Amino acid sequence: MRLANKICIVTGAGSGIGRASALLFAAEGANVIAADLDEGAAADTVAQMQVEGVARRVDVADEAETRALAADAVERFGRIDVLFNNAGIAGVGDVEETSLELWERVMSVNARGVFLMCRAVVPQMIAQKSGSIVNMASAIVHTGLARRISYAASKGAVLAMTKSMQVDLAPHGVRVNALMPGTILTPFVEEYLAKSYADPEEGKRSIRARQLTGDLGMPEDIAYAALYLASDESKYMAGAGFVIDGGMTAGKS
């Protein structure tokens, strides 16, 4: 039980990487608060756990809701051991195609949301002198990707925040690290492929061509990396970006 008795908040837990991580955390002994903008999806995740969990609705871009989520965790369990900032959205478009509205929406969820969730839980982690924050960045920070300017900017901000927060929080026993996945076959990606390609399999072949492994990443691949960063096994990792991309960035270096 790698997370025995730890209190873990997972945002974006209603599907994809968030759901896979919430289920894995619970299987490893954690008390999981599965948070999602879609509370019904979060409840479905909790229903799949073999142990009791908590489903909560949260808009990570809303300060009041993030503070309420953290307060509820402390009221229920008395502490917060892990925050996995997984909630995020994608934005498709180059610098000309991307509207200011889309830019601000992507930055609001992906960057502001990480900031607000961290701001909500950090006082409790400082008080208990322990905690692990796992932020969702992306391998796109290192490689770039066509027509993803808003998404790339938001994930670059997440990685920069991770490193800066770690400097501030290290004296308090709180670790902050980031996950940097390549393309993962989540429901969102499957929907994107269905809308963008006459033959979605062509899209999958295009993604596979970017990976040295030749395989598509699955949500569980990232969930196991999140588990490592959440657990005490990674106690010597601090302010790091953990790349899990099937060799995509190695192939471009």
Side-chain angles (χ1 to χ4, degrees), residues 1-14 17-37 39 42-43 45-46 49 51-88 112-136 158 161-162 164-179 223 225-235 237-240 242:
M1 289 296 187
R2 298 165 70 183
L3 296 178
N5 301 316
K6 289 188 182 292
I7 311 305
C8 302
I9 298 174
V10 180
T11 67
I17 294 169
R19 171 169 288 178
S21 299
L23 295 176
L24 182 59
F25 286 13
E28 290 289 343
N31 292 291
V32 176
I33 299 173
D36 199 281
L37 188 60
E39 189 174 4
T45 296
V46 169
M49 295 177 184
V51 295
E52 186 176 353
V54 178
R56 281 291 306 269
R57 182 194 182 278
V58 67
D59 178 353
V60 295
D62 186 294
E63 182 178 15
E65 291 194 19
T66 58
R67 289 191 180 277
L69 177 62
D72 179 61
V74 174
E75 182 178 353
R76 287 175 182 269
F77 301 107
R79 60 187 295 112
I80 301 171
D81 297 297
V82 176
L83 167 63
F84 181 17
N85 277 313
N86 167 74
R112 172 188 167 106
V114 168
F115 165 71
L116 288 177
M117 281 302 310
C118 290
R119 196 162 178 255
V121 306
V122 157
Q124 176 60 38
M125 289 184 172
I126 289 176
Q128 67 198 30
K129 296 184 176 12
S130 68
S132 177
I133 296 173
V134 183
N135 295 326
M136 183 63 81
V158 169
M161 278 194 289
T162 297
S164 185
M165 280 193 293
Q166 183 62 92
V167 175
D168 295 329
L169 295 175
H172 303 285
V174 179
R175 295 186 300 110
V176 191
N177 292 288
L179 289 171
L227 171 63
Y228 173 66
L229 292 180
S231 75
D232 295 336
E233 296 168 6
S234 59
K235 61 184 175 59
M237 286 192 71
F242 194 175

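Everything numeric here is computed off the predicted structure, so don't read it as measured data. Counting from 1, the numbers follow the sequence of the chain as shown.
Scanning for salt bridge (Lys or Arg N to Asp or Glu O under 4.0 Å) contacts around Asp36 gives an empty result, with sequence neighbours left out.
Residues His172 and Ile126 come closest through the heavy atom pair ND1-CG2, 3.6 Å. Between Val10 and Ala13 the shortest heavy-atom distance is O-CB, 3.5 Å. The two residues Glu28 and Arg2 make their nearest non-hydrogen contact at OE1-N, 3.0 Å. Closest approach of Ala26 and Val32 over heavy atoms only: N-CG2, 3.7 Å. Nearest heavy-atom pair, Asn85 versus Ile133, reported as atom, atom and distance to 0.1 Å: ND2-CG2, 4.1 Å. The minimum heavy-atom distance between Ala30 and Cys8, with the atom names listed, is CB-SG, 3.6 Å.
Leu179 has its side chain within reach of Met136: a pair of non-hydrogen atoms, C-beta onward, lies under 4.5 Å apart. You'll find the side chain of Lys6 stays beyond 4.5 Å of the side chain of Asn31, heavy atoms only. Counting heavy atoms from C-beta on, the side chains of Met49 and Thr45 come closer than 4.5 Å. Side-chain contact check for Arg79 versus Ser130: some heavy-atom pair is nearer than 4.5 Å.
A side-chain donor-acceptor contact under 3.5 Å links Ser234 to the backbone of Ser231. Distance alone, capped at 3.5 Å, is enough to place a donor-acceptor pair between the Thr11 side chain and the Asn86 backbone. Side-chain atoms of Arg56 never come within 3.5 Å of backbone atoms of Ile9 as a donor-acceptor pair (strictly under, hydrogens ignored).
Between atom CG of residue Asn177 and atom CG of residue Leu229 there is a gap of 5.0 Å, rounded to the nearest 0.5 Å. One distance of note links CE of Met165 with CG of Asn135; it measures 4.5 Å at 0.5 Å rounding. Here the CG atom belonging to Leu24 is positioned 13.0 Å from the CD1 atom belonging to Ile17, to the nearest 0.5 angstrom. Distance check: Leu69 CG to Glu65 CD gives 9.5 Å after rounding to the nearest 0.5 Å. Atom CD of Gln166 is separated from atom CG of Asp168 by 9.5 Å, given to the nearest 0.5 angstrom. Here CG of Asp81 is found 9.0 Å from CG of Asn5. Values are rounded to the nearest 0.5 Å.
Ring planes of Phe25 and Phe84: tilted class, angle from 30 to 60°.
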For residues 114-125, tabulate all N or O donor-acceptor pairs below 3.5 Å that involve a side-chain atom, not counting sequence neighbours.
residue	atom	partner	partner atom	Å
Arg119	NH1	Glu63	OE2	2.7
Gln124	NE2	Gln128	OE1	3.0

